[in-house]
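Everything on this sheet refers to the single structure shown next.
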Amino acid sequence: MAVVVWVVEGTWPACVDAARAHAPEDAEVVLLHVTGHDAADAAHGAFAGLLGRGHPERDPGTRVEHLAAASAESLLQAAAERLGRPCARVERTGRVEREVVAATEGADLLVLARDGDRARLGPHSLGPASRFVVDHAACPLLLVWPEPAPDLTTMPPPPPHHR
């Protein structure tokens with residue numbers, strides 16, 4: 001069995017704990033982190049447009065890319081330690097939702113956490129990237145709450161035409 005655990009800042013401990021609890025001991029676990037291009041692209045663009053044409057050595061986008069890579073490596077290391085068993089660590093860069101979906105090819109399970117409005121039940125408990133992954137992943141999903149789930153009274157009412 002191949003299990004992909006999507007490691008995201010803020011919610012990764014719940015995903016790792018779910019993998020420990022639900023993936024068989026002999027499962028091949030892949031800890032996946034995806035870094036989006038947004039911050040580095042913004043820094044590159046600001047530099048090119050305003051500050052430093054002709055001085056690529058001053059481009060802050062390169063520094064942002066290095067910081068993102070170091071942060072991802074640190075996060076994956078912490079996740080591997082929490083998992084407490086052999087695993088692969090994969091860092092991808094690109095459009096987050098598409099990279100996660102691509103990483104599920106051939107997997108038997110993807111573990112991910114809710115990343116939207118976690119104060120109430122309902123569709124808004126998933127952010128846009130997670131919603132895309134839930135809709136397009138090529139394998140079954142284990143969707144976890146990063147903290148205890150909200151009370152059932154927080155569930156939104158049904159639309160008027162369904163009452």
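- Residues Met1 and Leu110 are members of separate hydrophobic clusters, defined by side-chain heavy-atom contacts under 4.5 angstrom among Ile, Leu, Val, Met, Phe, Trp and Tyr.
- The shortest non-hydrogen separation linking Val144 to Ala18 is CG1-CB, 3.6 Å.
- Listed here is the closest heavy atom pair of Ala23 and Arg85: CB-NH2, 3.2 Å.
- Judged by distance alone, the side chain of Arg20 and the main-chain N or O of Gly84 form no donor-acceptor pair under 3.5 Å.
- Rounding to the nearest 0.5 Å gives a distance of 7.5 Å between CG of Leu112 and CG of Leu126.
- Note that the CG atom of Leu141 and the CG atom of Asp135 stand 9.5 Å from one another [nearest 0.5 Å].
- The CG atom of Leu31 sits 10.0 Å away from the CD atom of Gln77 when rounded to the nearest 0.5 Å.
- Residues Asp115 and Val8 have side chains not in contact (no heavy-atom distance under 4.5 Å, counting atoms from C-beta outward).
- Closest approach of Ser125 to Arg120, counting heavy atoms only: CB-O, 4.1 Å.
- For the pair Val134 and Arg131, the minimum side-chain heavy-atom distance is below 4.5 Å.
- With hydrophobic clusters built from ILVMFWY side chains whose heavy atoms lie under 4.5 angstrom apart, Leu76 does not share a cluster with Val90.
- A donor-acceptor pair shorter than 3.5 Å cannot be found between the side chains of His33 and Glu73.
- If you chain together hydrophobic residues whose side chains sit under 4.5 Å apart, Leu143 and Val4 fall into the same group.
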key: From CA spacing to verdict: side chain to side chain contact (heavy atoms under 4.5 Å, CB included), Leu121, Trp145   = CA-CA 10 Å; Leu121 299 173; Trp145 286 93; 3.4 Å; yes
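- Val34 and Val111 end up in different hydrophobic clusters when Ile, Leu, Val, Met, Phe, Trp and Tyr side chains are linked at under 4.5 Å.
- With a 4.5 Å cut-off on side-chain heavy atoms, Val96 and Trp6 count as touching.
- Atom OG1 of Thr154 is separated from atom CZ of Arg118 by 13.5 Å, given to the nearest 0.5 angstrom.
- No more than 12 heavy-atom neighbours from other residues, nucleotides or ligands sit within 6.0 angstrom of CD on Glu105.
- What you find for Trp12 and Ala79 is that their closest heavy atoms are CZ3-CA, 3.5 Å.
- Between the CD atom of Glu91 and the CD atom of Glu99 there is a distance of 9.5 Å, given to the nearest 0.5 Å.
- Closest approach of Cys139 and Asp108 over heavy atoms only: CB-C, 4.1 Å.
- Counting all heavy atoms, side chain and backbone alike, Val3 lies closest to Ala27 at CG2-CB, 4.1 Å.
- For the pair Ser130 (side chain) and Arg114 (backbone), a donor-acceptor distance under 3.5 Å is absent.
- The distance from atom NE2 of His22 to atom CG of Asp17, rounded to the nearest 0.5 Å, is 10.0 Å.
- Cluster annotation: Val5 is connected to Leu142 through the hydrophobic network of ILVMFWY side chains, with a link wherever side-chain heavy atoms come within less than 4.5 Å.
- Checking side-chain atoms of Asp117 against main-chain N and O of His124 turns up no donor-acceptor pair under 3.5 Å.
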